[in-house]
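Below is one structure, written out as structure tokens; comments come after it.
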Amino acid sequence: MKPACVPGNRSEVHLIDAQLLQWQDTPEPGLRLKPVRYDDQRGHFLGLVNFAAMTRSGLHQHRGVATSFVIDGGLSDYHGPIGLHQAGINLRGATHDAMAFANTVLVSKLEGPVLYPPERERLSGLHAGSKHGEVRNPAPEMPPDFNVDVDRLTWFQTGVAGIRRQTIFDYAGTGSAHRFVQLSMKPGTVCPPWRAAGLTEFWVRGGSVLVNGQLARANFFMVAEAGAQVHLHAPDGALLLVWAEGAEQWLDEASSSGPLTVKSSLFGF
């Protein structure tokens with residue numbers, strides 16, 4: 001599985017136009033991927049996932065947190081449905097079989113391998129880090145997914161003029177201090193420059209944004225390596241999904257580049 005970018009350079013910000021990526025078939029008929037980042041050893045993935053109509057994932061268990069945002073169609077499992085513009089959160093141990101009754105596209109991020117039953121060894125391969133073994137639900141009383149109506153979440157001010165935040169998932173209790181948020185940037189917003197303390201990944205849901213002077217439109221991914229310096233400018237407005245593995249670190253020159261408050265926080269750390 002060939003990824004669109006290979007993180008590793010701590011000073012870089014990668015921009016990937018998902019429109020230009022080719023869909024890649026998986027061993028599971030009807031399931032395709034557009035990988036931006038694909039690490040089969042650790043089970044890490046970022047990119048788009050496509051279910052053809054009347055396709056199912058097959059029974060599997062998540063061994064790390066998985067997050068998805070539905071941009072077309074929807075999925076159903078024994079817990080119920082997830083629909084358009086909802087985010088689904090799978091915690092470690094989540095065990096289910098997801099069915100797409102209509103063509104479905106997800107923006108997805110995996111942070112751990114996925115376990116399939118031994119009898120599916122010939123086929124399974126939808127998820128990065130697919131492994132095989134006995135699949136037994138460790139917590140049947142817990143739902144396999146927590147679904148969030150993203151656009152109904154409360155907006156919070158970030159302390160940066162023109163930028164608001166909705167917190168989709170703060171990873172509390174997972175062992176990771178990560179954040180999954182939606183950011184809205186008003187037209188004309190200039191965000192003071194900051195340094196990424198950890199891997200920070202964006203998907204442009206709407207509008208467009210200049211990232212270090214490079215234009216990223218809707219359906220672009222932006223991957224900022226830990227240590228990378230980032231400057232965002234949205235001349236015409238932007239709506240962004242962001243997965244942040246560390247807080248932004250405001251640079252010394254930020255105070256002269258735009259208004260900041262003492263508690264300015266893009267991602268809610």
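Not measured: the values here are computed from a predicted model. The first residue in the sequence is number 1, and the count goes up from there.
Taking the six-membered ring for Trp and thresholds of 30 and 60 degrees, His127 and His60 have ring planes inclined between 30 and 60 degrees apart. Between Trp194 and Phe267, the ring-plane angle classifies as perpendicular under the 30° and 60° cut-offs.
With 3.5 Å as the limit, one finds a donor-acceptor pair spanning the side chains of Arg63 and Gln61. Tyr38 and His44 form no side-chain donor-acceptor contact under 3.5 Å, judged by distance and modelled atom types alone. There is no side-chain donor-acceptor pair under 3.5 Å between His79 and His96. Under the 3.5 Å distance criterion, with hydrogens and angles disregarded, a donor-acceptor pair is assigned to the side chains of Trp243 and Thr67. A side-chain donor-acceptor contact under 3.5 Å links Asn219 and Gln19.
Not one N or O on the side chain of Thr158 forms a donor-acceptor pair closer than 3.5 Å with the backbone of Arg165. Distance alone, capped at 3.5 Å, places no donor-acceptor pair between the Asn50 side chain and the Trp23 backbone.
In summary, Asp40 and Lys131 do not engage in a salt bridge, as defined by a charged side-chain N under 4.0 Å from a carboxylate O. Under 4.0 Å is where a charged nitrogen must lie from a carboxylate oxygen, and between Arg179 and Asp170 no such pair does.
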* Asked: After noting the C-alpha distance and the side-chain angles of Asp97 and Asp77, does the key distance pass the side chain to side chain contact (heavy atoms under 4.5 Å, CB included) rule?
  -> CA-CA 6 Å; Asp97 182 353; Asp77 61 17; 6.0 Å; no
* Evaluation steps, side chain to side chain contact (heavy atoms under 4.5 Å, CB included), between Thr189 and His233 -> CA-CA 6 Å; Thr189 297; His233 176 204; over 6 Å; no
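Linking ILVMFWY side-chain heavy atoms closer than 4.5 Å, directly or via other members, places Val105 and Val148 in a single hydrophobic cluster.
Screening residues 144-171 for ring pair (Phe, Tyr, Trp, His ring centres under 6.0 Å) gives Phe169-Tyr171, Tyr171-His178 as the qualifying pairs, with residues at least two apart or on separate chains.
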